[in-house]
There are 2 protein chains.
Amino acid sequence: MPTTTAAQRRSSAKAEYNAFLAGCPSRELLARISDKWVALVLAALAEEGPLRYSALARRIAGVSQKMLTQTLRTLERDGLVTRTVTPTVPVTVDYALTDLSASLQHVMMALKGWAEAHMDDVHESRDSYDAIASEVG
Amino acid sequence: MPTTTAAQRRSSAKAEYNAFLAGCPSRELLARISDKWVALVLAALAEEGPLRYSALARRIAGVSQKMLTQTLRTLERDGLVTRTVTPTVPVTVDYALTDLSASLQHVMMALKGWAEAHMDDVHESRDSYDAIASEVG
DNA sequence: CGGGATCCGCACGGATACTG
DNA sequence: CAGTATCCGTGCGGATCCCG
């Protein structure tokens, strides 16, 4: 019988990953989830529950089929969405969040929400920054 | 006296921005903050307080001077970090979070923390996904 | 020390055409 | 409907050199 519990081993395992380090796998994972399409897909599924491919494409205006498919594939591979094929004619495909992405959805909605909520502040900051830059330059 | 409160006006202003729409400015802002270097810079400043350029570069291993400078410039322009130059010899430059980024720092640390905490889960999911793909293909 | 400027590869991502 | 395959531009990002 081990002297450490599963929770202890997991928490020590967590400590092994540090995204500040260049070679750490969590750096690459952070890069993957730091993606606007990932944020929008997870936010859409979080807000509206399971969605079909075409519904996702409509919700996330301006996304190309390639990027939507590519994003969904990597999310599926990483265990962040499930892909359910219903053999109707034509075929129906539903995407949904997983237990794993449940813990991430709040972060993604917060990220999207922040961008929408503070757009005006950022715009103001840019204007004053550009104004100073142009009068100096 | 207005019939709407400040909070109501702010929430209606927020409703004007929707990152799901292709042309919406918040879409571009979401894309900007959905960036691994942005996440790491804000997380570093959140964890350790104001940092010098060289300290940031050391903390965020593997970042090039170009990307670090470029990231810091856009963050400064967007009002997410302050840049303080102290005219010592040689010159000292400190970067710090702003009031605006205070509301974003939690999201960024959560993002980085999630990547570190769930790296094992994602790895497992990838393994099983690849195993199935290879036996099917 | 804290950058700016430049060159350049290449991978990200859009557009288009085709398929089960 | 839900993709796959392919071509191709461009801008992200690393490497290098230089400066106040």
Side-chain angles (χ1 to χ4, degrees), chain A residues 19 21-23 27-41 44-45 50-78 81-96 129 133 136-137, chain B residues 19 21-23 27-41 44-45 50-78 81-96 129 133 136-137:
Chain A
L21 304 177
R27 168 75 68 94
E28 180 258 7
L29 180 56
L30 177 62
R32 276 199 129 64
I33 61 179
S34 296
D35 180 277
K36 65 171 173 177
W37 299 129
V38 168
L40 289 172
V41 165
L45 293 177
L51 287 176
R52 300 178 58 175
Y53 181 90
S54 54
L56 269 172
R58 248 176 287 114
R59 193 75 222 274
I60 306 172
V63 66
S64 63
Q65 304 97 327
K66 177 182 175 178
M67 290 318 299
L68 182 55
T69 299
Q70 191 175 102
T71 302
L72 289 168
R73 283 290 170 282
T74 65
L75 287 178
E76 187 194 2
R77 189 171 103 99
D78 290 352
V81 302
T82 57
R83 179 174 180 268
T84 308
V85 181
T86 308
T88 50
V89 182
V91 64
T92 305
V93 181
D94 282 276
Y95 292 92
Y129 184 96
V136 168
Chain B
L21 304 178
R27 167 76 67 93
E28 179 258 8
L29 180 56
L30 177 62
R32 276 199 128 66
I33 61 179
S34 296
D35 180 276
K36 64 171 173 176
W37 299 129
V38 169
L40 289 172
V41 165
L45 293 178
L51 287 175
R52 299 178 58 177
Y53 181 90
S54 53
L56 268 172
R58 249 177 286 113
R59 193 74 221 275
I60 306 173
V63 66
S64 63
Q65 303 95 330
K66 176 183 175 178
M67 290 318 298
L68 182 54
T69 299
Q70 191 175 101
T71 301
L72 288 169
R73 283 290 170 282
T74 65
L75 287 178
E76 187 195 1
R77 190 171 102 99
D78 289 353
V81 302
T82 58
R83 178 174 181 269
T84 309
V85 181
T86 309
T88 50
V89 182
V91 65
T92 305
V93 181
D94 282 276
Y95 291 92
Y129 184 95
V136 168

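Only a predicted model underlies this, so the values are computations on that prediction, with no experimental measurement involved. These numbers come from the heavy atoms of this one structure, side chains and all, not from hydrogens, waters or symmetry mates. Letters go in sequence order (proteins before strands), and every chain restarts at 1.
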A/L30 and B/L40, any side-chain heavy atoms less than 4.5 Å apart: yes

Side-chain contact, heavy-atom cut-off 4.5 Å: B/I60 with A/R27? yes

Specify the separation, in whole Å, of atom [atom1] of [X] and atom [atom2] of [N].
{"X": "B/Q70", "N": "D/dC12", "atom1": "CD", "atom2": "C1'", "result": "8 Å"}
{"X": "B/L68", "N": "D/dA15", "atom1": "CG", "atom2": "P", "result": "14 Å"}
{"X": "A/L51", "N": "D/dC1", "atom1": "CG", "atom2": "P", "result": "15 Å"}
{"X": "B/E28", "N": "D/dG11", "atom1": "CD", "atom2": "P", "result": "14 Å"}

Mark yes or no for whether B/Y53, through its side chain, and B/Q65, through its backbone, hold a donor-acceptor pair below 3.5 Å. yes

Backbone N or O of B/K66 within a donor-acceptor pair of the B/T69 side chain at under 3.5 Å? no

Hey, what are the protein-to-nucleotides 17-20 of chain D N/O distances that come in under 3.5 Å?
none

Would you please name every residue forming a salt bridge (Lys or Arg N to Asp or Glu O under 4.0 Å) with B/D94, sequence neighbours left out? none

A/R77: partners by side-chain hydrogen bond (donor to acceptor under 3.5 Å, both in side chains), with sequence neighbours left out: B/D130

Nearest 0.5 Å please: distance from the [atom1] atom of [X] over to the [atom2] atom of [Y].
{"X": "A/R59", "Y": "B/L21", "atom1": "CZ", "atom2": "CG", "result": "8.5 Å"}
{"X": "B/L45", "Y": "B/L72", "atom1": "CG", "atom2": "CG", "result": "7.5 Å"}
{"X": "A/K36", "Y": "B/D35", "atom1": "NZ", "atom2": "CG", "result": "12.0 Å"}
{"X": "B/L51", "Y": "B/R58", "atom1": "CG", "atom2": "CZ", "result": "9.0 Å"}

Nucleotides bounding contact with chain A, strand DNA chain C, heavy-atom threshold 4.0 Å: C/dG13 to C/dT16

Is the phosphate of D/dC1, meaning OP1 or OP2, less than 4.0 Å from a side-chain N or O of A/T92? no

D/dT4 phosphate, OP1 or OP2: any side-chain N/O from A/Y53 under 4.0 angstrom? no

When the rotation axes relating C1' atoms of four end pairs to the next four are compared across the helix from C/dC1-D/dG20 to C/dG20-D/dC1, five pairs an end, they differ to 10° by 50°

Output a table of donor-acceptor pairs, distance under 3.5 Å, between side-chain atoms of residues 82-89 of chain B and any protein atom two or more places apart or on a different chain; print 'none' if there are none.
unit_1	atom_1	unit_2	atom_2	d
B/R83	NE	B/Y95	OH	3.3
B/T88	OG1	B/T86	O	3.4
B/T88	OG1	B/P90	O	2.7
B/T88	OG1	B/T92	N	3.4
B/T88	OG1	B/T92	OG1	2.8

Would you kindly compare A/K66 and A/D94 by the position of their nearest DNA chain D nucleotide and give the one closer to the 5′ end? A/D94

Taking for each residue the nucleotide of DNA chain C bearing the nearest heavy atom, is the 5' side occupied by B/Y95 or by A/M67? B/Y95

